[in-house]
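Working notes, beginning with the structure itself.
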Amino acid sequence: MGHENRYGADMDDARTWDERLAWAYGLISKDPAERAVALDRLVSARKATEEALDEFNRVLVAVQEQGAERPYEVPALRAAQEEYLRVRGRSLPDGVWGDYDYEDLLSWPGLPYSLLFLEWEARYPEEWTRHAKAWGTKEGLIRELAVDAAGRDPVVRGKLIDLVELVVRRAYRCKDREYVRVARVVDGVDGQSLRVRLEAARRSENPWARLHAGYVLWMLDRPEVPNSRLVWRTWLADTRQ
């Protein structure tokens, strides 16, 4: 696991992840009051992250002005950097940013929070956009989760199926097309459960659901077809003829 560079060696365990981010489960609560509390916590966390970054930059400029040849070896700058990383790890999307250097996705303690971040965007897109919009992080997490290991685990597979269904039943949002990757992984392990939901969406009264679910089902039947923008546009044009 390679998270030592982001949060320090002691950050790479489930208990510490929970201590940092367990409050974020309130973001996906059905209770508006619970979500409001979590959103307030997020606003405070993001403000603290910005302040810590400002302090790091201030110290960096000061160290450079002093002519330090190796500024990142200066204790004051190292301390400021460590504080920034510590504070950043307690916020979203910052807490799930970075390179995921691990051998087994299912053993990574940050996995539940990656799923949480995506579920929040899927269930409450307006709140997600207002408080933590990060399209690149969304895309990166989806791609990280679209692996065989995720499809084989029953708990993770269930979460991924839920996400695909949530996404196809709403108006298209940036990077939603990436979920085809996830659908293909899940389909390869337990396709029946996913396909039943997609077929129900395709037959629903929701025009977005009919369109999106139809495309995903079409792609599942053609695993060799790349999930490109051109393919999507061509399929869409053919569908509307």
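Residues in residues 218-232 take part in these salt bridge (Lys or Arg N to Asp or Glu O under 4.0 Å) pairs, two or more places apart or across chains: R195-D221. Pairs passing the salt bridge (Lys or Arg N to Asp or Glu O under 4.0 Å) check and including a residue from residues 204-213, sequence neighbours excluded, do not occur. Residue pairs meeting the side-chain hydrogen bond (donor to acceptor under 3.5 Å, both in side chains) criterion with at least one partner in residues 55-73, sequence neighbours excluded, are E55-R58.
Side chain of K138 to backbone of C174: a donor-acceptor contact under 3.5 angstrom is found. In this structure a side-chain-to-backbone donor-acceptor pair under 3.5 Å is missing from S91 to D94. Between the side chain of R202 and the backbone N or O of A213 there is no donor-acceptor pair closer than 3.5 Å.
Listed by chain and number, the residues in a side-chain contact (heavy atoms from CB on, under 4.5 Å) with E165 are R169, R197 (sequence neighbours excluded). With sequence neighbours excluded, the residues that form a salt bridge (charged side-chain N to carboxylate O under 4.0 Å, His left out) with E119 are R123, K159. When the side-chain hydrogen bond (donor to acceptor under 3.5 Å, both in side chains) test is applied to D153, no partner is found at least two apart in sequence or on another chain. Qualifying ring pair (Phe, Tyr, Trp, His ring centres under 6.0 Å) partners for Y172, counting only residues two or more places apart in sequence or in other chains: none. Evaluation of the side-chain contact (heavy atoms from CB on, under 4.5 Å) rule for A150 yields L105, V147, V156, L160 as partners, not counting sequence neighbours. Remark: E139 engages R143, K175, E178 in a side-chain contact (heavy atoms from CB on, under 4.5 Å) (not counting sequence neighbours). Listed by chain and number, the residues in a ring pair (Phe, Tyr, Trp, His ring centres under 6.0 Å) with Y84 amount to none (sequence neighbours excluded). For the ring pair (Phe, Tyr, Trp, His ring centres under 6.0 Å) test, residues two or more places apart in sequence or in another chain that qualify with F117 are W128.
When ring centroids are compared, W108 and W17 come within the 6.0 Å threshold.
Put simply, the side chain of L198 reaches to within 4.5 Å of the side chain of V164, judged on heavy atoms. The shortest distance between side-chain heavy atoms of L194 and V216 does not fall below 4.5 Å.
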Can you list, pair by pair, the side-chain donor-acceptor contacts under 3.5 Å of residues 35-53, counting residues two or more places apart and other chains?
from	atom 1	to	atom 2	distance (Å)
R35	NE	E127	OE1	3.2
R35	NE	E127	OE2	3.4
R35	NH1	S29	O	3.0
R35	NH1	Y124	OH	3.4
R35	NH2	E127	OE2	3.4
S44	OG	D40	O	3.2
R46	NE	H131	O	3.2
R46	NH1	L92	O	3.0
T49	OG1	A45	O	2.9

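A salt bridge links E121 with R170: the closest approach of a Lys/Arg side-chain nitrogen to an acidic carboxylate oxygen falls below 4.0 angstrom.
Residues P223 and L220 approach most closely at CD-O, 3.7 Å, considering heavy atoms.
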